[in-house]
Visitor: 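Pasting a structure here, questions to come.
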Amino acid sequence: MNEQGKKVIFSGVQPSGKMTLGNYLGAIKSWTNLQNEYECFFSMVDMHAITVPQDPEVLRNQTIELLAQFIACGIDPEQNTIFIQSHVHQHAELNWALCTMTYMGELNRMTQFKDKSKKSEANLNAGLFTYPVLMAADILLYQADLVPVGDDQKQHLELARELANRFNNKYSETFVVPDGYFPKGTARVMSLQEPLNKMSKSDSNENGYILLAEDEKTTIKKIKRAVTDSIGEVNYTDEQPGLKNLINIYSAISDKTVEDIVKMYEGKGYGAFKGDMAEVVVEKLRSIREKYKYLLENRDYLEQIYVKGAQKAEVRAEKTLKDVYDKIGFIPRKF
Ligand code: ATP
Ligand code: LTN
């Protein structure tokens with residue numbers, strides 16, 4: 001709860017690529033519904049992104065593009081605090097303090113670490129291992145009550161809760177213990193090519209994801225190529241994971257229920273279903289895409305937003321960090 005009695009939200013997205021439909025439906029769309037009711041902090045988490053190799057120039061571009069995508073999706077920069085994680089140094093500092101209270105065993109159990117480390121065995125870095133602690137620092141610095149994320153982040157959020165409780169019990173009440181907020185149906189949008197894996201912007205197969213910033217033709221082509229099965233009927237079952245995923249996406253985008261959609265395509269083949277679905281997706285993304293392009297041509301405006309955002313975020317973050325340093329036993333800075 002902030003000083004005005006509003007609950008606080010924190011969430012972040014890595015500028016590790018362009019935003020996918022999974023990021024939109026699993027995370028950003030729910031932010032736009034929450035922004036009126038809560039005080040929201042949304043961050044481009046560039047420090048998380050460097051836990052896997054990044055080209056510096058590409059990372060810089062992706063960070064600005066991500067900001068433009070947030071705003072294009074309907075996140076109001078006047079109403080919310082939008083900032084770049086590395087601009088608020090308190091994240092790195094609280095991360096360190098929390099690292100000293102996190103057990104190796106806890107981090108060893110993290111499935112995202114296991115998955116990602118398989119992809120970079122030759123270059124396994126300690127940052128990838130401690131990634132969830134930095135995420136806990138992000139959330140706890142702002143005393144967030146609620147964290148809207150896709151359900152791939154459940155385990156990380158659990159650690160943030162655990163660390164908040166651990167610190168509070170060891171010293172005294174310091175952190176709010178945050179709750180997760182997971183959208184129904186699309187908490188996990190799956191890859192269009194491997195429907196048992198989540199849609200991910202760092203996937204090496206670009207047919208697996210739909211990007212908010214790609215052109216309409218590409219989106220339509222990817223949907224038509226999406227992997228289904230040989231059953232040939234539009235059903236919503238675990239035996240047809242490809243189709244189940246497409247129905248979930250269709251439902252989330254059109255606000256039609258899963259049951260309505262299944263009924264609409266009774267006796268029709270996958271071709272008709274995919275054709276309509278592609279149309280609905282493209283239609284929904286059209287205004288986001290136009291706004292995105294417009295914003296990218298207005299770099300000064302984007303700069304203003306992230307500067308103002310970091311200044312606001314820092315005030316809040318410093319308040320928490322000061323309290324933490326005090327409790328840990330660091331001598332207060334007198335300069
Ligand atoms: P990367 O591939 O680099 O790991 P990512 O696509 O998984 O990136 P993140 O930046 O890690 O994206 O996540 C941003 C937000 O989007 C998080 O809240 C995450 O839970 C959500 N999210 C990511 N992928 C999906 C998905 N496939 N379905 C639903 N939500 C998702
Ligand atoms: N780890 C998240 C991104 C992220 C985040 C956060 C989400 C970093 N810090 C704090 C919510 C709150 C991810 O990979 N999706």
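These figures come from a predicted structure and were not determined experimentally. Note that these values count all heavy atoms, side chains included, but never hydrogens, waters or copies made by symmetry. Both ligands and their constituent atoms are indexed starting at 1 by order of listing.
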Visitor: Go through ligand 2 atom by atom and flag the ones less than 4.0 Å from a non-hydrogen atom of V147.
Guide: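 Within the 4.0 Å cut-off of V147, ligand 2 contributes 11 (C), 12 (C).
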
Visitor: To the nearest 0.5 Å, tell me how far M19 CE sits from K201 NZ.
Guide: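 Spacing of CE (M19) from NZ (K201) equals 8.5 Å.
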
Visitor: Give the ring-plane orientation class for F273 versus Y265, where under 30° counts as parallel, over 60° as perpendicular and anything between as tilted.
Guide: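 Rings of F273 and Y265: perpendicular, over 60°.
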
Visitor: Among protein heavy atoms, which lies nearest atom 9 (N) of ligand 2, and at what distance?
Guide: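 Going by distance alone, atom 9 (N) of ligand 2 is nearest to D138 OD2, 2.6 Å.
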
Visitor: Heavy-atom distances under 4.0 Å are what count here, so tell me which part of L134 touches ligand 2: side chain, backbone, both or neither.
Guide: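 No part of L134 is near ligand 2 at this cut-off.
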
Visitor: Is G150 close to ligand 1, meaning an N/O of one under 3.5 Å from an N/O of the other?
Guide: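 N/O-N/O distance below 3.5 Å exists for this pair.
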
Visitor: Side chain or backbone, does H156 bring an N or O within less than 3.5 Å of an N or O on ligand 2?
Guide: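 No, no N or O pair falls under 3.5 Å.
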
Visitor: Among V149, L21, V45, D152, which one puts a heavy atom closest to atom 20 (O) of ligand 1?
Guide: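 Closest candidate by heavy-atom distance is D152.
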
Visitor: To the nearest 0.5 Å, what is the distance between CG (L25) and CZ (R188)?
Guide: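 With rounding to 0.5 Å, CG (L25) is 14.5 Å from CZ (R188).
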
Visitor: Looking only at distances, can you tell me whether any N or O atom of Y131, backbone or side chain, sits closer than 3.5 Å to an N or O atom of ligand 2?
Guide: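 Yes: some nitrogen or oxygen of Y131 is under 3.5 Å from one in ligand 2.
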
Visitor: Looking only at protein heavy atoms, which one is nearest to atom 15 (C) of ligand 1, and what is the separation?
Guide: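 For atom 15 (C) of ligand 1, the nearest protein heavy atom comes out as A27 CB, 3.8 Å.
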
Visitor: Is it the case that S86 and D46 place a side-chain donor and acceptor less than 3.5 Å from each other?
Guide: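 A pair is found: one side chain offers a donor N or O, the other an acceptor, under 3.5 Å apart.
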
Visitor: Near Q14, which atoms of ligand 2 are under 4.0 Å from a heavy atom of that residue?
Guide: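 So the answer, numbered in order with elements, is 14 (O).
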
Visitor: Is a salt bridge present between E37 and K7, judged by a nitrogen-to-oxygen distance below 4.0 Å?
Guide: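 No, this pair does not count.
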
Visitor: Would you mind checking which non-hydrogen protein atom is closest to atom 13 (O) of ligand 1, with the distance to 0.1 Å?
Guide: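 Among all protein heavy atoms, the one nearest atom 13 (O) of ligand 1 is N23 ND2, 3.7 Å.
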
Visitor: Identify the residue among V189, L192, L285 that makes a side-chain contact (heavy atoms from CB on, under 4.5 Å) with L21.
Guide: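 With L21 as partner, V189, L192, L285 yield a single side-chain contact (heavy atoms from CB on, under 4.5 Å), made by L285.
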
Visitor: To the nearest 0.1 Å, how far is atom 3 (O) of ligand 1 from its closest protein heavy atom, and which atom is that?
Guide: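 For atom 3 (O) of ligand 1, the nearest protein heavy atom comes out as S16 OG, 2.7 Å.
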
Visitor: Can you report which non-hydrogen protein atom sits closest to atom 31 (C) of ligand 1, along with the distance?
Guide: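 The answer is G22 O, 3.5 Å.
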
Visitor: Could you tell me how the ring of F70 sits relative to the ring of W31: parallel (under 30°), tilted (30 to 60°) or perpendicular (over 60°)?
Guide: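 Plane angle over 60°, so perpendicular.
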
Visitor: For atom 3 (C) of ligand 2, find the nearest protein heavy atom and state the residue, atom name and distance (0.1 Å precision).
Guide: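 Atom 3 (C) of ligand 2 sits closest to the protein heavy atom G12 O, 3.6 Å.
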
Visitor: If we ignore angles and hydrogens, is there a donor and acceptor under 3.5 Å between the side chains of T219 and E214?
Guide: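 Yes, because at least one side-chain N or O of T219 sits under 3.5 Å from a partner of the opposite role on E214.
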
Visitor: For atom 24 (N) of ligand 1, grab the closest protein heavy atom and report residue, atom and distance to one decimal in Å.
Guide: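 Checking every protein heavy atom, the shortest distance to atom 24 (N) of ligand 1 gives K198 NZ, 3.3 Å.
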
Visitor: Verify the distance criterion only: is there a donor paired with an acceptor across the side chains of N207 and Q193 at less than 3.5 Å?
Guide: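 Checked: N207/Q193 side chains show no N/O donor-acceptor pair below 3.5 Å.
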
Visitor: Is any NZ, NE, NH1 or NH2 atom of the basic residue among R316 and E39 found under 4.0 Å from an Asp or Glu carboxylate oxygen of the other?
Guide: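 Result for this pair is yes, salt bridge flagged.
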
Visitor: Which option wins on minimum heavy-atom distance to atom 4 (O) of ligand 1: K201, K116, K18, Q112?
Guide: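 Among K201, K116, K18, Q112, the closest heavy atom to atom 4 (O) of ligand 1 belongs to K116.
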
Visitor: Is NZ or CZ of K244 both nearer than 6.0 Å to the six-membered ring centre of Y236 and within 45° of the ring axis?
Guide: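 Yes.
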
Visitor: Indicate yes or no: does an N/O atom of Q153 lie under 3.5 Å from an N/O atom of ligand 2?
Guide: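 For ligand 2, there is an N or O atom that lies under 3.5 Å from one belonging to Q153.
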
Visitor: Of the protein's non-hydrogen atoms, which lies at the shortest distance from atom 29 (C) of ligand 1, and what is that distance?
Guide: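 Here the closest protein heavy atom is A187 O, 3.1 Å.
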
Visitor: Give the atom numbers and elements of ligand 1 that come within less than 4.0 Å of a heavy atom of R188.
Guide: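 Heavy-atom distances to R188 below 4.0 Å select 28 (N), 29 (C).
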
Visitor: Indicate, as side chain, backbone, both or neither, the part of V189 found under 4.0 angstrom from ligand 1 when only non-hydrogen atoms are considered.
Guide: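 Near ligand 1, V189 shows its backbone as well as its side chain.
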
Visitor: Between I139 and ligand 2, find which residue part has any heavy-atom pair under 4.0 Å and reply side chain, backbone, both or neither.
Guide: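 Just the side chain.
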
Visitor: Only heavy atoms of V149, strictly under 4.0 Å: list the atoms of ligand 2 that pass.
Guide: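 Counting atoms of ligand 2 from 1, those under 4.0 Å from V149 are 7 (C), 11 (C).
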
Visitor: For the CG atom of L321 and the NE2 atom of H89, what is their distance to the nearest 0.5 Å?
Guide: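 NE2 of H89 is found 8.0 Å from CG of L321.
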
Visitor: Distance under 6.0 Å and angle within 45° of the ring axis: does K274 meet both against Y270?
Guide: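 Negative - K274 is either too far from the ring of Y270 or too far off its axis.
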
Visitor: Tell me whether the NZ or CZ atom of K154 lies within the 45° cone about the ring axis of F182 and under 6.0 Å from its centre.
Guide: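 Yes, K154 lies over the aromatic ring of F182.
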
Visitor: Using a 4.0 Å cutoff against the non-hydrogen atoms of F10, which atoms of ligand 2 qualify?
Guide: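 The list of qualifying atoms is 10 (C), 12 (C).
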
Visitor: Closer than 4.0 Å to some heavy atom of Q153 - which atoms of ligand 1 meet that?
Guide: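 Answer, ordered by atom number: 20 (O).
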
Visitor: Among all protein non-hydrogen atoms, which one is nearest to atom 11 (O) of ligand 1, and what is the separation to 0.1 Å?
Guide: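 The answer is Q14 NE2, 3.1 Å.
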
Visitor: What atoms in ligand 2 come closer than 4.0 Å to a heavy atom of S11?
Guide: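 Those atoms are 11 (C), 12 (C).
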
Visitor: Flag the pair E106 and R166 as a salt bridge only when some basic side-chain nitrogen lies within less than 4.0 angstrom of an acidic carboxylate oxygen.
Guide: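 Salt bridge: yes.
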
Visitor: What protein heavy atom sits nearest atom 1 (P) of ligand 1, and how far off is it?
Guide: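 For atom 1 (P) of ligand 1, the nearest protein heavy atom is S202 OG, 3.4 Å.
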
